[in-house]
Every structure is written in structure tokens, then in C-alpha cells.
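The structure appears below as C-alpha cells.
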Amino acid sequence: MDFISILSIFVLACFVGYFVVWSVTPALHTPLMAVTNAISSVIIVGALVAAAAGGSPSAKWLGLAAVVMASVNIFGGFAVTERMLAMYKKKERK
Amino acid sequence: MDFISILSIFVLACFVGYFVVWSVTPALHTPLMAVTNAISSVIIVGALVAAAAGGSPSAKWLGLAAVVMASVNIFGGFAVTERMLAMYKKKERK
Amino acid sequence: MEHVAVSPWVMLAYLVAGVCFIIALRGLSSPESSRAGNRAGMIGMAIAVITTLVTHDVASLPEIGIAIAIGGAIGFVIAKRIAMTAMPQLVAAFHSLVGLAAVLVGAAAYLNPEAFGIVGATGEILTVSRVEMGLGVAIGAITFSGSVIAFLKLNGNMSGKPIILPARHFINLGTLAAILGLIAYFTQDQDPWVFWTVTGLSFAIGFLLIIPIGGADMPVVVSMLNSYSGWAAAAMGFTLHNTAMIITGALVGASGAILSYIMCRAMNRSFISVIAGGFGGDAAAAGGGTAIDRPWKRGSAEDAAFLMKQAEQVIIVPGYGMAVAQAQHALREMGDLLEAEGVTVKYAIHPVAGRMPGHMNVLLAEASVDYDKVFELEDINSEFARSDVAFVIGANDVTNPAAKTDKTSPIYGMPVLDVEKAKTVLFVKRSMGGVGYAGVDNEVFYRDNTMMLLADAKKMVEDIVKSMG
Amino acid sequence: MEHVAVSPWVMLAYLVAGVCFIIALRGLSSPESSRAGNRAGMIGMAIAVITTLVTHDVASLPEIGIAIAIGGAIGFVIAKRIAMTAMPQLVAAFHSLVGLAAVLVGAAAYLNPEAFGIVGATGEILTVSRVEMGLGVAIGAITFSGSVIAFLKLNGNMSGKPIILPARHFINLGTLAAILGLIAYFTQDQDPWVFWTVTGLSFAIGFLLIIPIGGADMPVVVSMLNSYSGWAAAAMGFTLHNTAMIITGALVGASGAILSYIMCRAMNRSFISVIAGGFGGDAAAAGGGTAIDRPWKRGSAEDAAFLMKQAEQVIIVPGYGMAVAQAQHALREMGDLLEAEGVTVKYAIHPVAGRMPGHMNVLLAEASVDYDKVFELEDINSEFARSDVAFVIGANDVTNPAAKTDKTSPIYGMPVLDVEKAKTVLFVKRSMGGVGYAGVDNEVFYRDNTMMLLADAKKMVEDIVKSMG
Ligand SMILES: NC(=O)c1ccc[n+]([C@@H]2O[C@H](COP(=O)([O-])OP(=O)(O)OC[C@H]3O[C@@H](n4cnc5c(N)ncnc54)[C@H](OP(=O)(O)O)[C@@H]3O)[C@@H](O)[C@H]2O)c1
Ligand SMILES: NC(=O)c1ccc[n+]([C@@H]2O[C@H](COP(=O)([O-])OP(=O)(O)OC[C@H]3O[C@@H](n4cnc5c(N)ncnc54)[C@H](OP(=O)(O)O)[C@@H]3O)[C@@H](O)[C@H]2O)c1
């Protein structure tokens, strides 16, 4: 992938982000914050690359530390979102 | 640009298209049809490439014919959209 | 890669052009921003054209200049002269040109692949480019011939009646299969006969697919072809590795698909049933036989003028008949006179009133009706009950309460305007026998609070204006 | 390119992961689709992680497994245990982890660039990667230290009072300039001191930027830092040529920015004024001095119960105080009892009620209030005039009519709920002196149709429930 392709992808992704976030209903803004938290931990990909590679032990340990942090976020973020979303109910008590 | 970059761009552009078209107000659906007509004539880029190149005279004439058609669309499409949009007025007669 | 390496600046320029097109459509989210959006579209197109010209060795600049000038002049004149009521056929005609241009570009790429940088190491066209080229040409050809038929039907050059061939589904599916098969074979053998047969069959299938569809269903078809022209542009964009074309293709493809969907949903019909064809010939043809012998009340222009002047609020419901009669200017005048009398005047637009999406809005805008007096169905439907007069002009199906109650009606389930809830309904149409697009009778004609104003819409409104003066 | 050539299938997998994340956010457009969306997000994350693991030579799978297990377990337990009222600080804490992870990844890439495929022909790190890395680390570090402060302030471990250093704008701008200058210099000289100084300064600026901002403005800050963490992920995505990270970065970046914008707009404050800091300490601190000696009416739980049982429609307006008091369950019980008496109960949610966007909705959902009884400001504001009782519980600013009339008020221009139009307003708060976030007095307290119910929100509602039984 050349730089310009990546830039194109980024620009279009910004448009998608803009539209998709405005389409979120205000009642779900708190879950939105939690789930964006979880997905921004996709940075774990970088952490895994660092942790997987041989060569530099310090880089490996930094990577492993990053894996731990990102995992907290991923599991915590998705789980708390799931927990919140499970609370939104309609007419179930009738 | 490799195929996967192009595919990524296409996929994201489809999302953008989906969102942006739903965001168009129904009152402007007719101008929407006219303007999409105009922009889909960006195919003129291909026509220009064919018309510009030496080598194959038949390809050149096909290209020139395509340039004419696309130009009708581009000028006609944008002009008629402009004409329609100029009609949408608010409280100007007061 | 085998592609000619393109400078990143060129690719950046095409990306910018694509973004301009996104901004152009985004602008249409409100009338205020729409004109700026349209300008952005023009800028994007200029960027795309200029970038292409400056980054290629142009052996024939004068010819290209002349071609653009000819095309531009034709387009410009058409755009200035066309009547707003003729928008549906204009859009169809323009689509046919996009389709044909795509076919020509595909053919040129086939004849001169070097120019497009799609020649592989063996001197043959790259396999992936062959697929993209085949698909682009096929979609372009279908768009062309389909749009020509749509144009002829909408413009009245051809009867709107569905033309049903025997075994048509069989023929159509066979032809489509042949086209796809040949495109697959094209990857193995780039012989001219394959390419030209794909092209020829695609032209044919475009005709075949559209002739069985009734004239009144043409708007859905036009929108669907709009979508196709987008996908054709996207396929070309894959061939040329051109971001502007890919983005545009996706935008236009999505736009056509969504508009078709909106129309089908608002008509409560499935897309498949529209495309399968056979429904909705000319309104007259479809509903000519309805026997009507129930009592109804006829009114005159004077009655209507009197009633409306006394009203506090009048809601005007325009429909297809208003467009046909070109009554929008007279209607605006009537609205002005009423407002001068202190009457509140609002316009209620059903999503499929008229014959294309947004049709009524553009006509009212042409007659300089303020757009903040023009309301969508959801926003105004609750107001009929609070209004003294609903003035229905050339609309029919969109006011038919059968859609709410009669499960056997062809329009059952379609959302309709509740005009019958107004104190008085004034119904302008030419005859009691003439039905609308769906070919069904309308209960509202026979209600106690309805007064029929039988005449051409424009003439009737002009008479009302005279009686008010 | 100097990058290691990656298989197209891998890139396709990352694209699919990115699309899953888009679908995840799209799902949040309605509660019905939201859980499927969340699942899509999980699938996307699984695809990204698995793709990375299977396409790299993993020298240390056990360690990685343990790291994921530890992190996952911690995250899971926190997610299960956390009180819904503590969501703002939880989000802040999670952001700090994303920021720190980004810094660590950046540092790892700096120490072992070969593993990331960003080494140029000369054996040095590619210039463009250095810029991306520098930006990623800087944004990550700011996100980390800023989020830590936000967490401490929201969690009450640190006073919410703005801490104003002398010449802070000067210090901050200087530090930012130094960071950017060093990143530019980093392209020329990849010496460790440059990298670590950038990292250190960025941690420092994160602290410096956030400490002058008052505790109550923290939600805007958290959202802004959310946006930053997105851009940090996108910068890493550029370095790794990873579509999933780029798409995610853009999504999260947009989300944070838009939420900040929505909050600022709903508070009628400019983003700049929030970020410049100095506003809104602890509510008590900011408004402690307001002298109140105008007449007002006090009511008891019995009065409130009696009034509401007689009502046809009661609109409940929850605010920050309800969250603090954790009164949502008692409130739901009260609503159930009222409905059993035939009273229509609705909830009106102001866009910035509470302390984070959607805060009240999530608390009401926790107490199993049906979400179709919960309305946004625009949808319910016209209903107060038709309601017998507006029951305001722990809300203040969002009901303050000064926003509509008093140009000198700090909240002038902010849209507010028109509670004073209801026949009776019941106002639950702990004291007459305690003001809200904006630190201003509320005219509604002193109106004839207002009855103050002074007590802790939860206690008061429980008392009302008792009097009803
Ligand atoms: N807008 C779209 O995108 C779209 C697309 C596809 C299909 N459609 C369909 O089109 C229909 C639109 O409904 P509609 O209510 O607007 O129209 P309609 O139901 O087709 O009715 C048109 C009415 O206008 C009258 N009329 C025709 N010419 C007239 C003239 N010169 N003066 C006065 N009256 C005249 C006709 O009666 P007389 O003959 O007695 O005068 C008829 O009752 C819907 O069924 C919709 O599903 C719309
Ligand atoms: N939602 C967001 O995203 C967000 C973000 C940033 C800022 N803000 C700001 O936060 C404010 C939110 O408005 P709001 O009306 O929800 O809250 P508010 O104006 O801050 O008022 C809270 C009220 O609750 C009372 N209260 C506090 N603890 C209580 C308890 N335990 N029991 C009963 N009452 C209690 C307080 O009075 P006493 O002390 O007398 O009890 C106070 O009057 C707005 O100004 C908004 O701009 C919101």
C-alpha cells in the first residue's frame, strides 16, 4: 500500500466516522463512548507485532505490557457496553 | 495502487454514499438525481485518456465521441441542477 | 505492478475530486447549502478533467477541446431550455449518455490497452482488467439501452403500456447468463468476437429488461439505471485505478439504489415486482373500465374560492396532475391571494407524489413557493384534522384511504395523506372516471365533505384566482 | 516500496475488521440493533488479533497468551463490577490505557523497527514512519496523562477545582511548540534523546493541559481525549499500513470530536473556552456564595405523592443529582406506582443532563425504565404545558429559564426544558443554596407553582413511594 492509498482510506474513513457517529441516537451516547474505547484498542495489533518479534527484548516487553493494557480495554470495553446495552428494554414489563 | 487498496477505497466509498444519500432532504431528490448524473460523467477521465493517446485512431475517435457525450452530461447536469437549486427560496417574497 | 507508476500528486488530485463530489451530495442535505455543494461538484469535475489532461501526452488537444465545446454547448442549452415538468425524461436521456460513454471508453480501452496502462508482461490485457472492462461495458450498455426505452416511454414517444414478450423471463435470464459466461471466457481469450458479443448482448438485454415495465414504473427504473451508471463508473475506476471514479461510482450507485428503495417503500411495492414488469400502463389504460355510479358533489370555481377565503388554514396537496397541467404558477398565485386574506396556506408533499422523487418540490420551487411552507407527509399529516380545507390538485393515489383500510387494494399499506380529515376536501381533476397511477377508485370522491372540481388543473386554479379577485 | 510485501488476504482481513467496527457504531443508531452491533465489534477485534498472530512468526506465544489473559480478566472484572454511575471515570481510566499502549507500541517500534517493516535501505527508520511514530507517541502520551487527571478529578481523588498555574498559556504553547519542533528534528536525527524527550514532554503537556480545567468540564475533556486516542491509533495505522487501525482511528477520532461538539453546543459554550480552562470547579465551590432570601414553598413527600396521584401526566426530569444519589431504582418504582394509578409517566432527558452524554439514559435503562417512555428535549418540550406535574430530580441548570431570558447568565442561549410551564413543578434537591454545574440560581425555585422537596434525591423518592403505598 502506497501512502496515497492509505491517505485515501483515511479520508474516506473520516467521512464514514462523521456520518456514523451522527447517526447514533443520543440515548446511546454513553455506550458509544465505551465501545469506541474498546475498538480504539485495535492498537493491540501493533503491540502484538512488537511482542511477537524476536530481536529486541526491551521492545518485546514493551509490546507485552501494551498487550495487557489493550486487553483490559478490549474485554472491559466490550463487556461494559454489552452490559449497558442489555439494560435498554422496551415494554418488557407488560 | 494495489487491488486491495482500491477495494478498500471502494468499500469505504460505498459507506459514504449510503450515509450521504440518506442525509439528502427529500425535497431535493430531483436535484440529487440531476447532480449524480453530472458527477457520474467523471467517466470523461477515461474518455480523455483514450482521446489523448496516439496509437489507435479508432480508439481515439471512440474516446472523442465519449468526451462529447460526457460533456453534454456534465454541463447539462450541473447547469440544470444549478437552475433547480436557484428556485428553492425561503421567505424572499416578504 | 504492471501499471504505469502514477505520481502521488495525480492520485491526490483525484482523491480531492472525489471528496468534492461527496461534498456536493452532502450539500443537498438542505436547500441553503445545496448551491455551494453543486459548486463543489463542478470544482471536483474540473480538477478531474484538468489533472487528466496535464498528466497525459495529449496528441489531440484541439479535437478534445472541440469535443468538450460541442458537448458542453448542447448540455448547456438543454439545461436552460428544459421545462421542469420534463425532468424525468431529461434524467433518463442523460443516463443513456453516461451508459454509452462507458461503453465507448470500454471499447477504446479494449482497442488501445497501452494507453490505459493495462497491458501485462505477455502483451495481453491484464486478466483483472478484462473482468472490470467486461463488467463496465455490460453495465454501460444496459444503462444505455434501458435509459433510451425509459426516455421514450416517459416522453410519450412510446406507449407506456408494458410490452410482454412470451417466455420473457426465460429469454432474459438466458441472455444475462450468456453475458456473464462470456465475460468469464473473456479472461481466457481476448478475441474481438467475445468483447463485441458481450457488448451487443448487453445492449439487447437493456431493451428486453425495460420494455415489459409500464410507463408509470419508469421512475423506479430510471433510478435503478442511475445506480447502474454509478457501478459502471466504479468498474472503470478499478481499471484506471482512479479514486475519483471509484468514489463517484459508489456515490451514484448508492444514490440510485436508495432512491429506488424509497420509491418502492412509499408505493408499498417490492423492487422485484417493479422490475419483473407488467404493472401500471398509462393511467387511462389501466383504469379505464372503473364503473362509477355513486353520488358525489360537484363544485364550481366560485364555490371553491368562497370556501377557501373563509378558511383559517388550507392545505394544498399537489400530485401528478398538477405537473401535467403545469398548474404550479397559478397555484402559487392562488396561495398568495389566500395569504393576503389572512389564510394560512401549507403544502403537503407525499414522498411519491408526481412521477419522480422530489418532483412536486421542484415544481413548487419553480413557482417560488417558499420551501418552509412545504411539508413532508410525516410532518403535516396530523394537521389535516385541524384544517378547514384540503385542496387536492391532480393527486389521487396519495390521498386514497383504501391504503389504510382495504387489504385487497393494490396500494394497501402505502402511507397516505389523511385529506378526508379536513373539514372540506376540494378535489381538482378532469373527470370522475380518470384514475391515478395505481388504477383504483378513491373513496374520498364520494364523501359528504368532498367537493369535486372537475377541470384541467391549471384552468380550474386560474378560474379560482379570478373569482377571488 | 521498502515495506515488507504483505499478502492481499491479510490486508483484506484488516479491511473486514474495519468494516466490522463501522457496523458496530452503526448498530448504536437504535437500541434494537445495538447489541448485534457490539457483537460485530467483537468479531472485528477477533479478526484483527487472529490475523496478526497467524501472519507473524510469533516467538513468544505463551507470553502473549498470558498477557491477553491477564488484561482480559482485569477488564472483565472491572466491567462486571463497575457501578453505572461511575461510567465517566471508567471511560477516562480506559482512555488512559489506550494512550499508554500507544506510547509503548511507538517505543517498541522505535527500538525494533525491523519487526514493523519500517527500516529503509540505509538501515535507518523511514522518514515518513518517523513522523507518524513521533505523532503517535505524542498523542498517546497526552491521552494518557490527560486521562489520568480526568479520572482523578471525576473519581474525586483530586479536587475538581481548576489549578491555575501562572503563565500557563505561555508554558503550554512553548511545550507544544517544542514537541512539534523535536518531531521535525527527529526526521533528521533518530537519536534516542529526541524520541524520549518527545515522549517525556508529551506526558508533561497532558498534565499541564488538563489540570486547569474544572472537574465539571471533565466530560468534554474525556470526549476530546477519546478523539485523541483515535488519532493516535490512526497514526499507528499509517505506520503499520493497517486498514483496521486507520478506519478505527477515524471512527473514534470523529466520535470523540462530535461528542465534544454536542456537549459544548448543548452547554452553549465554545470548545476553546472549555479547553482554556478555569471554569466550573466543584458545584459547591463555584456557587457557594449565592445569597437567597426570596420566598419559596416547601413541600413534603406526602404532598408530592398526593399531587402526582391526582395528575393525568407527570414528566420526570432527572439530572446530575439523581445520578449522585443513585435514585434511579426508587424513581422507577415511583413511576410504576403512578402508572398503576393510571397516571401517564414520561421522562425528559436534556442532552447534557448529568455529567456525560447519555448519562441519564443509561441510568434509567439500568433501572429498567422502558426506553420508549424516555424522550429527548425536542420531542417533549412542548408537552410540559399539557402536563400536571413536572418532577425535577437532581437537575438544575437544564431547567433554568434564565437561559432563555437573561443575556448575562453564563448559560444564556443553552436550550432548556420548559418545566415551569407545567401546572405544578416539584423540585427535589438537598438545599436551597446548592447550585448546579454552572453555579447560578434558578428562577423556578421561587415561582408560585413550584414546590421544593429538600432532601437527598433517593431518600425523598423512597419517602414518596412510601406515602403512595
Ligand atoms: N413520485 C415518484 O417517485 C413515483 C414513482 C413511481 C410511481 N409513482 C406513483 O405515482 C402516483 C402518484 O400519485 P399522485 O396522487 O401524485 O397521482 P395519481 O394517483 O397518478 O393521480 C393523478 C391524478 O391527476 C389527475 N390529472 C391528470 N391530469 C390532470 C390535469 N391536466 N388536470 C387535473 N387533473 C389531472 C388524474 O385524474 P383525471 O384523469 O380525472 O384528471 C389523476 O386522478 C402514486 O401511485 C405513486 O406510487 C410515483
Ligand atoms: N451531560 C454532559 O455531558 C455534561 C458535560 C459537561 C457538563 N455538563 C453540565 O452539567 C450540568 C447538568 O445539569 P443538571 O441539571 O443535570 O445538573 P446540575 O445543574 O449540575 O444540578 C445538579 C443539582 O442536583 C442537586 N443534587 C446534587 N446531589 C444531590 C442529591 N444527592 N440529591 C438531590 N439533589 C442533589 C444539586 O443541588 P443541591 O446541592 O442543593 O442538592 C443541583 O441543584 C449542565 O450545566 C451541563 O452543562 C454536562
Side-chain angles (χ1 to χ4, degrees), chain B residues 1 6 9-10 13-14 16-18 20-21 23-30 32-33 35-37 39-43 45-56 58-59 62-76 78-82 84-85 87-91, chain C residues 21 25-26 28-29 31 34-35 38 41-42 45 48 52 56 58-59 63-64 67-68 70-72 74-76 78-79 87 91 94 97-98 100-102 104-105 107-108 111-112 115 229-230 233 236 238 241 244-248 250-252 254-255 258 357-358 361-362 365-366 370-372:
Chain B
M1 281 196 175
I6 297 190
I9 292 172
F10 178 68
C14 287
V16 175
Y18 174 85
V20 87
V21 172
S23 80
V24 171
T25 163
L28 294 176
H29 275 163
T30 299
L32 172 68
M33 292 183 96
V35 83
T36 51
N37 211 281
I39 67 172
S40 65
S41 304
V42 71
I43 199 138
V45 165
L48 289 172
V49 171
S56 161
S58 48
L62 289 178
L64 283 175
V67 170
V68 174
M69 283 163 204
S71 303
V72 172
N73 252 320
I74 293 174
F75 285 82
F78 281 124
V80 85
T81 309
E82 191 74 18
M84 281 192 267
L85 294 179
M87 293 170 179
Y88 284 80
K89 292 189 209 80
K90 192 163 80 172
K91 293 211 184 79
Chain C
F21 296 148
L25 297 201
R26 176 66 184 161
L28 293 175
S29 63
S34 62
R35 298 179 70 185
N38 200 36
M42 295 179 195
M45 191 60 77
T52 311
H56 286 81
V58 185
E63 285 101 316
I64 290 180
I68 294 182
I70 294 177
I74 298 175
F76 213 71
I78 295 177
M87 280 313 292
V91 170
F94 277 171
L97 292 179
V98 180
L100 193 53
L104 296 179
V105 172
L111 295 173
N112 191 5
S229 73
M236 283 299 158
F238 272 80
H241 287 194
M245 287 170 85
I246 296 173
I247 294 179
T248 310
L251 292 178
V252 177
S255 165
I258 291 176
N361 303 79
V362 101
E366 186 194 9
D370 296 350
Y371 64 73
D372 49 4

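A quick note: this is a predicted structure, and the numbers were derived from the prediction, not measured. Naming: A, B, ... by sequence-line order, numbering from 1 per chain.
For the set B:N37, B:L28, B:V35, the count of heavy-atom pairs under 4.5 angstrom toward chain C peaks at B:N37. Residue with the most contacts toward chain B among C:A254, C:A101, C:G72: C:G72 (heavy-atom pairs, distance under 4.5 Å). Contacts with chain C were tallied for B:G17, B:A79, B:A52; B:A52 has the most, counting heavy-atom pairs under 4.5 Å. Here B:A27 is the residue among B:G63, B:A27, B:A13, B:S23 with the most heavy-atom pairs under 4.5 Å with chain C. Considering only heavy-atom pairs separated by less than 4.5 Å from chain B, the leading option among C:R26, C:E63, C:R35, C:E366 is C:R35. Counting heavy-atom pairs closer than 4.5 Å to chain B, the top residue among C:A107, C:A108, C:A365 is C:A365. Interface remark: of the candidates B:V24, B:V67, B:I74, B:T30, B:T30 forms the most heavy-atom pairs closer than 4.5 Å to chain C. Of the listed residues C:A233, C:G41, C:G230, the one with more heavy-atom pairs under 4.5 angstrom with chain B than any other is C:G41.
At distances below 3.5 Å, not a single donor-acceptor pair connects side-chain atoms of C:S29 with backbone N or O atoms of B:T25.
Across all non-hydrogen atoms, the minimal contact from C:G358 to B:Y88 is O-OH, 4.5 Å. Across every non-hydrogen atom of C:F94 and B:V72, the tightest pair is CE2-CG1, 4.0 Å. Closest approach of C:V252 and B:S40 over heavy atoms only: CG2-CB, 3.9 Å. For the residue pair B:Y18 and C:I258, the shortest heavy atom distance occurs at O-CD1, 3.6 Å. Nearest heavy-atom pair, B:V42 versus C:A48, reported as atom, atom and distance to 0.1 Å: CG2-CB, 4.1 Å.
Taken to the nearest 0.5 Å, the CE atom of C:M87 stands 3.0 Å off from the CE atom of B:M84. In this structure, C:S255 OG and B:L32 CG are separated by 4.0 Å, a value rounded to the nearest 0.5 Å. With rounding to the nearest 0.5 Å, the separation of CD1 in B:I43 from OG in C:S229 is 8.5 Å. Rounding to the nearest 0.5 Å gives a distance of 10.0 Å between CZ of B:F75 and CE of C:M42. Taking CE of C:M45 as the reference point, atom CG of B:N73 lies at 9.0 Å (rounded to 0.5 Å). Distance check, rounded to the nearest 0.5 Å: CD1 of B:I9 to NE2 of C:H241 gives 10.0 Å.
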Residues C:L28, B:L85; criterion side chain to side chain contact (heavy atoms under 4.5 Å, CB included); working and verdict = CA-CA 9 Å; C:L28 293 175; B:L85 294 179; 4.1 Å; yes
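Looking only at side-chain heavy atoms (C-beta outward), C:N361 and B:H29 stay at 4.5 Å or farther from each other. Using a 4.5 Å cut-off on side-chain heavy atoms (C-beta onward), C:L104 and B:M69 make contact. B:T36 has its side chain out of reach of C:L251: every pair of non-hydrogen atoms, C-beta onward, lies at least 4.5 Å apart.
Remark: B:A53 pairs with C:N112, C:A115 by the side chain to side chain contact (heavy atoms under 4.5 Å, CB included) rule, at least two apart or across chains. Applying the side chain to side chain donor-acceptor pair (under 3.5 Å) criterion to C:N38, with sequence neighbours excluded, gives B:E82.
Of the two parts of C:M245, the backbone and the side chain both hold a non-hydrogen atom closer than 4.5 Å to a non-hydrogen atom of chain B.
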